[in-house]
Asks: 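Structure in structure tokens, see below.
In what follows, every chain begins at residue 1, and chains take the letters A, B, ... in the order their sequences are listed. What you see below is based on every heavy atom in this structure, not just the backbone, and it leaves out hydrogens, waters and symmetry mates. Every value quoted in this text rests on a predicted model; they were computed, and no experiment measured them.
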Protein chains: 2
Amino acid sequence: MNKKVTFSDIAKYTNVSKMTVSRYFNDPGSLTPETKGKIEKALKELNYKSNKVAKILANGRSEFIGIIIPELFFDYYSQVLNEILTTYNDFNYKFLVFAGNHDQELEKKYIEELLAYQVEGLIILSYTLPSEVLKEYNIPIVTIEREDQYVTSINTNNYLGAQLAAEHLIQDQCDILININSFVRENVPAYDRIRGFEDTCRQNQIPCKIIQKNFKNDYDVTYELLDSVYQHLESEYSNKRKGVFLSNDNYANIFLNILIKNKKQIPEEYEIIGFDNTISKESIIPITTVAQNIQKIARSAVEELKEQIESKDSEKKSEIRHVIIDPQLIIRGTTGKNSYTAE
Amino acid sequence: MNKKVTFSDIAKYTNVSKMTVSRYFNDPGSLTPETKGKIEKALKELNYKSNKVAKILANGRSEFIGIIIPELFFDYYSQVLNEILTTYNDFNYKFLVFAGNHDQELEKKYIEELLAYQVEGLIILSYTLPSEVLKEYNIPIVTIEREDQYVTSINTNNYLGAQLAAEHLIQDQCDILININSFVRENVPAYDRIRGFEDTCRQNQIPCKIIQKNFKNDYDVTYELLDSVYQHLESEYSNKRKGVFLSNDNYANIFLNILIKNKKQIPEEYEIIGFDNTISKESIIPITTVAQNIQKIARSAVEELKEQIESKDSEKKSEIRHVIIDPQLIIRGTTGKNSYTAE
DNA sequence: TTGTACGCGTTATCAT
DNA sequence: ATGATAACGCGTACAA
């Protein structure tokens, strides 16, 4: 390892100034082929390795973007992070990633740390800090699928997703439509899954029931809660065709398992639709689900951030924007009267 | 945002030198309470924000660790990444993360980029670059669950995992033990799942069959391949009690679904054991599985890296180490004659 | 096309 | 306990 080779070393070796070496990288067109060749040779022979930290200090552009996710045990976050990381190939931003673990104080600390490293922007998937607080950091920010009143955001068109689900269940002639959800606040995007579902039922004059439970991030708790929901539905709507829309694939999968164990006919007695298109395909009956366009969400997030970062330079203050990405209904075996087979 | 507040600004404001301001952060014990107070006040009043990029350039310690994962669609990688990120709270390393997407050239490029940002070490989960190549970068490196001959690594005790699985199936009086695997090379840790399985069968004089298929990262392909395996097992071992050990939970789940659809009795006719403890719990029958101790794997990786980083300073060259973490068998509904119920 | 001088914000070193 | 000065490695601005 010894000492690092710098522009000065290359400059001495080639009898040019270090500015010329710098230009070799940043403005090669301005060099004669000769000097270019000399420098190229020297770089190889001295085994030069660039130091971007010095570059940041000199020109102020870190090309860092900070990401704060709640965690990676939930497939949705993993997939979004995966797609964000992949944008490196097109946008060249480097990503410093923190897992907030649902802890507000921790997340504040993480943001301070990210700012210290001169990140040019933040992508926030965690939800503990209100957007009003986020905006105060005065740095380009994009949030994804969370409360977003005061900041630019990318969200799925949850309303449309719920609408597609409800319409599909109605078309399949379900007698009663049920939405199973956790207690989401009205100001988060996911609440539109309830609004869209209710509105669609009302417009089609189909009975509709919203069931909200205090789901934890725990399989057994979720199982118990959904089992009680099942009992309730059985007693309440015994001889009706039930169309059930759950707020994510994990819930949908567990609910499906409960139905199967109780020997229910699917999709004859129950139709099921999940959300997120994560594990739904791997269920005992592949589950119809609303798929978010995660790649588009991720790319849009980086694009919006890039725009903010660049408009910051040119003094045009960019307005807050809320980008909405349409989801897609993926029809599988838990809906459609003739589809009780695997794909 | 205006101009950034620096140590110089604080120094002028308080009539001390910027060195004293620096000491306020790095060696506060050496300051008098008075100056400490003055500086503290100035930091608040001028709203100072630290710049760690300048700090890196000055002292050479970035506190960055680079991570290269193949992708995040596979739960195992997500969980490992999650646990690595969480070590920030104890070790204070910041993580620059790249998704290699199984592309060797891309990964080389990513490593160069990471080196340019002065990362102090690398954690490699991707497998495209041989450890012989990795070692040549001459920087602290730890690999996780991949070929590791020339570098320090953290791996699960795959041999033990397979042994636990085989012993459990034998104890449950299976007549024939089957291991379903992809074509893994003999020099990757996962190959020990085959070795451990075979050895245990041999020692117990139980018939054993290793089936390797060319699994892709695709549900439908995997389904077809496992369906053909099922057909094969049915014709070959029709009235024997079959104990099947699959190399991950996804395969185990799909195989289980195939058995259920064919109305096989589980665990009477087939016993199933998966690996990784990811989706096994959410299957129609919760699947017995070998759980890797992911938290320990992640922490060990960071600890080993830290040791390498620190011993690098003190000129003691640290030896290559291969740390082995024991997994644990989690018994659920797909094994054990009396356990055909959910947990 | 190439060079000079200086600055980026911090720490290291040697003084006092 | 505090300060002066020189790094760290690169880019900007202006000059030649």
Side-chain angles (χ1 to χ4, degrees), chain A residues 1-40 42-43 46-64 112-113 115-120 313, chain B residues 1-40 42-43 46-64 94 113 115-120 313:
Chain A
M1 299 299 280
N2 319 332
K3 268 176 267 171
K4 312 229 165 171
V5 180
T6 73
F7 281 6
S8 293
D9 300 317
I10 305 294
K12 275 177 211 157
Y13 193 83
T14 54
N15 288 315
V16 300
S17 75
K18 55 179 191 173
M19 258 325 293
T20 307
V21 181
S22 174
R23 278 190 264 265
Y24 173 86
F25 290 101
N26 300 317
D27 186 15
S30 73
L31 301 191
T32 64
E34 298 166 86
T35 48
K36 229 191 287 196
K38 272 199 300 185
I39 292 175
E40 186 173 355
L43 291 171
L46 300 187
N47 189 27
Y48 172 78
K49 300 282 180 192
S50 78
N51 183 336
K52 296 220 180 170
V53 171
K55 184 170 179 167
I56 299 172
L57 190 61
N59 74 4
R61 320 201 72 256
S62 67
E63 297 180 317
F64 283 147
E112 290 299 335
E113 184 82 332
L115 295 177
Y117 281 97
Q118 313 302 108
V119 295
E120 298 194 46
D313 296 344
Chain B
M1 300 300 281
N2 318 332
K3 269 176 268 172
K4 311 227 167 173
V5 179
T6 74
F7 281 7
S8 291
D9 301 317
I10 304 295
K12 276 177 211 154
Y13 194 83
T14 54
N15 288 316
V16 299
S17 76
K18 53 182 188 175
M19 257 325 292
T20 306
V21 180
S22 174
R23 278 191 262 264
Y24 172 87
F25 289 102
N26 299 314
D27 186 15
S30 73
L31 301 191
T32 63
E34 296 165 89
T35 49
K36 230 189 290 195
K38 272 199 300 187
I39 293 175
E40 185 173 354
L43 291 171
L46 300 187
N47 189 27
Y48 170 79
K49 301 281 181 193
S50 79
N51 182 336
K52 296 221 181 173
V53 170
K55 183 170 180 169
I56 299 173
L57 188 61
N59 74 3
R61 320 201 71 254
S62 68
E63 297 180 316
F64 283 146
K94 273 64 70 175
E113 184 82 332
L115 294 177
Y117 281 98
Q118 313 302 105
V119 295
E120 298 194 45
D313 295 344

Asks: Would you give the length of the straight line joining atom CD1 of A:Ile10 to atom OG of A:Ser22, rounded to the nearest 0.5 angstrom?
Replies: 12.5 Å
Asks: With sequence neighbours left out, what residues match A:Lys18 under salt bridge (Lys or Arg N to Asp or Glu O under 4.0 Å)?
Replies: none
Asks: Given atom CD1 of A:Ile56 and atom P of D:dC10, what is their separation to the nearest angstrom?
Replies: 12 Å
Asks: Of the candidate nucleotides D:dC10, C:dG9, C:dT4, which contains the atom at the shortest distance from the side chain of A:Ser17?
Replies: C:dT4
Asks: Would you give the length of the straight line joining atom NZ of B:Lys52 to atom CD of B:Glu63, rounded to the nearest 0.5 angstrom?
Replies: 5.5 Å
Asks: Return the set of residues passing salt bridge (Lys or Arg N to Asp or Glu O under 4.0 Å) with B:Lys55 (not counting sequence neighbours), or none when no residue passes.
Replies: none
Asks: What is the separation between atom CZ on A:Arg61 and atom P on D:dT12, rounded to the nearest whole Å?
Replies: 10 Å
Asks: Looking only at heavy atoms, what is the nearest atom pair of B:Asn47 and B:Val5, with distance?
Replies: O-CG2, 4.3 Å
Asks: Give each stem of DNA chain C as a range with a range, requiring at least 3 consecutive Watson-Crick or G-U wobble pairs whose two distances are under 3.5 Å.
Replies: C:1-16 with D:1-16
Asks: Roughly how many Å is it from CD in A:Gln118 to P in C:dG9, rounded to a whole number?
Replies: 8 Å
Asks: In this structure, is the centre-to-centre distance between the rings of B:Phe64 and A:Phe64 below 6.0 Å?
Replies: yes
Asks: Please determine whether side chain to side chain contact (heavy atoms under 4.5 Å, CB included) holds for the pair A:Ile56 and B:Tyr117, giving the CA-CA distance in whole Å, both sets of side-chain angles, and the decisive distance to 0.1 Å.
Replies: CA-CA 10 Å; A:Ile56 299 172; B:Tyr117 281 98; 3.8 Å; yes
Asks: Any residue in residues 6-14 of chain B with a heavy atom nearer than 4.0 angstrom to DNA chain D? Just list them by number, or reply none.
Replies: none
Asks: Determine whether a donor-acceptor pair (one donor, one acceptor, N or O, separation below 3.5 Å) exists between the side chain of B:Lys52 and the base of C:dT10.
Replies: no
Asks: Let's see if you get this right: which residues in residues 21-40 of chain B place a heavy atom under 4.0 Å from DNA chain C?
Replies: B:Ser22, B:Asn26
Asks: How many Å lie between CD on B:Glu63 and P on C:dT11, as a whole number?
Replies: 11 Å
Asks: Ignoring the backbone of A:Ala58, work out which of C:dC8, C:dG9, C:dT2 is nearest its side chain.
Replies: C:dC8
Asks: For the NZ atom of A:Lys49 and the NZ atom of A:Lys4, what is their distance to the nearest 0.5 Å?
Replies: 10.5 Å
Asks: Looking at A:Phe25 versus A:Phe7, is the centre-to-centre ring distance below 6.0 Å?
Replies: yes
Asks: Considering residues at least two apart in sequence or located in another chain, which fulfil the salt bridge (Lys or Arg N to Asp or Glu O under 4.0 Å) criterion with B:Lys36?
Replies: none
Asks: Rounded to whole angstrom units, what separation is found between the CG atom of B:Asn59 and the C1' atom of C:dG9?
Replies: 12 Å
Asks: Which residue lies toward the 5' end of DNA chain D, B:Val16 or A:Met19, if each is placed at its nearest nucleotide?
Replies: B:Val16
Asks: Give me the atom names and distance for the closest heavy-atom approach of B:Val119 to B:Ser62.
Replies: CA-OG, 3.7 Å
Asks: Would you mind reading off the distance between B:Lys18 atom NZ and D:dA4 atom P, rounded to a whole angstrom?
Replies: 11 Å
Asks: In whole angstrom, what separates A:Asn51's CG from C:dG9's P?
Replies: 17 Å
